[in-house]
Visitor: 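One structure coming up, written as structure tokens, with questions to follow.
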Amino acid sequence: MTTPTSSPAGPPAPHRDWRAAAAAGTTVLLWASAFVSIRSAGDAYSPGALALGRLLAGSLALGTLLVVRREGLPSRAAWPGIIWSGLLWFGLYMVVLNWGEQQVDAGTAAMVVNIGPLLMALLGARVLGEVLPRRLLAGMAVSFAGAAVVGLSMSGDGGASVLGVLLCLLAAVAYATGVVRQKPALRHGSALQITTFGCLVGTVACLPFSGALISDAADAPLSATLNMVYLGLFPTALAFTTWAYALARTTAGRMGATTYAVPALVVLMSWLLLDEVPAPLTVGGGLLCLAGVAVSRTRPRTGATRRNPAREPDRTAVDDAERRAAHGETPGRLQERPGSLPDGS
């Protein structure tokens with residue numbers, strides 16, 4: 001009589017960390033709100049001055065929190081990623097994006113900058129060796145189409161310039177490269193550490209705009225200054241920290257795809273806060289963005305379609321072991337080590 005043996009169980013279903021999902025959602029919501037605030041602050045502050053003021057407020061808040069939590073300095077291995085992300089993302093990205101949005105209309109800027117998540121996924125695959133699942137690529141394609149529709153519906157006549165498009169393109173490249181450089185650093189420091197020191201690096205890089213910041217602040221209305229401070233405290237200090245927390249727990253490609261929800265939220269916020277009634281085409285584009293994000297965040301069903309060869313036992317060894325078990329040879333040890341032959345057999 002043969003001894004029944006159970007086939008090896010497949011890999012367990014991936015555990016979904018609700019805190020990482022909440023962090024990503026917080027980031028997207030706050031980054032969407034930043035577009036509303038930039039409209040006020042950007043009218044009174046030059047691109048470099050706005051970036052420096054925002055980074056100063058963010059650095060002050062993050063530095064205070066770091067001291068209160070007594071986290072100290074990250075390890076030496078984290079610093080290359082901190083410096084690169086600080087220069088490219090916190091520094092260059094914020095300046096050239098502010099500048100680019102003064103040269104082109106908001107719709108054109110949104111279309112060009114939204115190639116950033118696509119670049120992020122490709123760079124993540126190339127530099128970090130991340131896998132690009134078909135669902136992720138399909139979702140990003142749908143979301144990018146939605147962002148393009150939103151951009152076209154918001155574009156004005158003759159509002160684009162070659163310089164503005166190039167600046168927005170540079171912003172997208174800096175954004176994607178900065179994120180990919182930041183991810184390895186998160187293995188050697190906390191989200192708060194990496195964000196704080198990245199923000200400080202960006203602040204130092206923007207210090208040449210100190211004169212412009214002082215001059216603009218003297219003439220700016222209080223509402224514009226308050227919006228600049230809000231940009232530093234929430235879309236920068238808080239949202240970049242929650243971004244780093246979520247990025248440490250998923251791939252750069254998936255995090256980039258999540259940001260495609262921003263255009264849809266911007267449309268909604270502009271409607272609710274600025275009384276800007278969106279056109280039907282704009283609403284349709286926003287829904288496409290959300291649909292693409294939903295597709296990109298889904299995972300294939302567990303089981304045969306999600307096998308992990310690195311975690312499954314070799315089938316030849318298992319079959320041989322089952323034949324031995326059928327003849328009564330050390331069934332107990334086979335059950336304890338279902339992926340290997342017993343010693344001495």
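Positions are given from 1 along the sequence.
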Visitor: Met120 pairs by side chain to side chain contact (heavy atoms under 4.5 Å, CB included) with which of Thr259, Ile115, Val179, Thr177?
Guide: Val179
Visitor: Do Leu136 and Leu119 sit in the same hydrophobic cluster, where Ile, Leu, Val, Met, Phe, Trp and Tyr count as joined when their side-chain heavy atoms come under 4.5 Å apart?
Guide: yes
Visitor: Which distance, rounded to the nearest 0.5 Å, do you find between the SG of Cys199 and the CE of Met94?
Guide: 6.5 Å
Visitor: More than 12 heavy atoms of other residues, nucleotides or ligands under 6.0 Å from CH2 of Trp31: yes or no?
Guide: yes
Visitor: Do any N or O atoms from the side chain of Ser210 and from the backbone of Leu207 form a donor-acceptor pair under 3.5 angstrom?
Guide: yes
Visitor: Any link between Leu92 and Val201 through a network of hydrophobic side chains (Ile, Leu, Val, Met, Phe, Trp, Tyr) touching at under 4.5 Å?
Guide: no
Visitor: Look at the side-chain heavy atoms of Ile, Leu, Val, Met, Phe, Trp and Tyr, link any pair under 4.5 Å apart, and say whether Leu137 and Leu122 land in one connected group.
Guide: yes
Visitor: Does the side chain of His188 come within less than 4.5 Å of Trp79's, by heavy atoms?
Guide: no
Visitor: For Leu87 and Arg181, run side chain to side chain contact (heavy atoms under 4.5 Å, CB included): C-alpha distance rounded to whole Å, both residues' side-chain angles, the deciding distance at 0.1 Å, then the answer.
Guide: CA-CA 11 Å; Leu87 292 174; Arg181 288 286 190 172; over 6 Å; no
Visitor: Could you tell me which non-hydrogen atom of Ala61 sits nearest to which non-hydrogen atom of Ala237, and how far apart they are?
Guide: CB-CB, 4.2 Å
Visitor: Is there side-chain contact between Tyr175 and Pro117, with at least one heavy-atom pair below 4.5 Å?
Guide: yes
Visitor: Drop me the distance from Leu56's CG to Arg54's CZ, to the nearest 0.5 angstrom.
Guide: 12.5 Å
Visitor: How about Leu163 and Trp99: do any of their side-chain heavy atoms sit closer than 4.5 Å?
Guide: yes
Visitor: State the CG-CG distance between Asp216 and Leu50, to the nearest 0.5 angstrom.
Guide: 9.5 Å
Visitor: Which word best sums up how the rings of Trp89 and Trp243 line up, parallel for under 30°, tilted for 30 to 60°, or perpendicular for over 60°?
Guide: perpendicular
Visitor: Within this structure, what is the CZ-CD1 distance for the pair Phe240 and Ile194, rounded to the nearest 0.5 Å?
Guide: 14.5 Å
Visitor: Assess the residue pair Leu55 and Phe90 against the criterion (side chain to side chain contact (heavy atoms under 4.5 Å, CB included)); give the C-alpha distance rounded to whole Å, side-chain angles, the decisive distance to 0.1 Å, and a yes or no.
Guide: CA-CA 8 Å; Leu55 288 169; Phe90 288 87; 4.0 Å; yes
Visitor: Assigning hydrophobic clusters by single linkage (Ile, Leu, Val, Met, Phe, Trp, Tyr; side-chain heavy-atom cutoff under 4.5 Å), is Ile83 placed with Leu123?
Guide: yes
Visitor: Is there a side-chain contact between Thr241 and Leu65, using heavy atoms and a 4.5 Å cut-off?
Guide: no
Visitor: Search all heavy atoms of Pro235 against all heavy atoms of Leu231 and return the closest pair with its distance.
Guide: CD-O, 3.4 Å
Visitor: Side chains of Leu233 and Leu238: closer than 4.5 Å at any heavy-atom pair?
Guide: no
Visitor: Would you find more than 12 non-hydrogen atoms of other residues, nucleotides or ligands less than 6.0 Å from Phe234 atom CZ?
Guide: no
Visitor: Are Val95 and Phe209 packed together at the side-chain level, in the sense that at least one heavy-atom pair is separated by less than 4.5 angstrom?
Guide: yes
Visitor: Pair Thr26, Thr242 - check side-chain hydrogen bond (donor to acceptor under 3.5 Å, both in side chains), show working.
Guide: CA-CA 7 Å; Thr26 300; Thr242 53; 5.4 Å; no
Visitor: Tell me, do Leu66 and Phe197 make a side-chain contact under 4.5 Å, heavy atoms counted?
Guide: yes
Visitor: Quick one: pull up SG in Cys206 and CG in Leu213 and give me the separation to the nearest 0.5 Å.
Guide: 10.5 Å
Visitor: Can a donor-acceptor pair be found, under 3.5 Å and without considering hydrogens, that links the side chain of Ser215 to the backbone of Gly211?
Guide: no
Visitor: Looking at every heavy atom in both Arg249 and Ala20, which two are closest together, and how far apart are they?
Guide: CD-CB, 4.0 Å
Visitor: With distance as the sole test, does Gln182 use its side chain to make a donor-acceptor pair with the main-chain N or O of Ala244 at under 3.5 Å?
Guide: no
Visitor: Could you pull out the closest heavy-atom pair between Leu247 and Lys183, with the gap in Å?
Guide: O-NZ, 2.8 Å
Visitor: Report yes if some heavy atom in the side chain of Thr27 is under 4.5 Å from a heavy atom in the side chain of Met255; otherwise report no.
Guide: no
Visitor: Measure the CG-OH distance between Asn98 and Tyr45 for me, rounded to the nearest 0.5 Å.
Guide: 13.0 Å
Visitor: Show the nearest heavy-atom pair for residues Leu186 and Ala248, with the distance to one decimal.
Guide: CD1-N, 3.8 Å
Visitor: Would you kindly confirm whether Ile82 and Leu62 end up in one hydrophobic cluster when ILVMFWY residues are joined by side chain heavy atoms under 4.5 Å apart?
Guide: yes
Visitor: For a quick test of reading the model, state the closest non-hydrogen atom pair linking Leu88 to Ala174 and the distance between them.
Guide: O-CB, 3.3 Å
Visitor: With a 3.5 Å distance limit and no angle check, can you tell me whether Glu130 reaches the backbone of Ala252 through a side-chain donor-acceptor pair?
Guide: yes
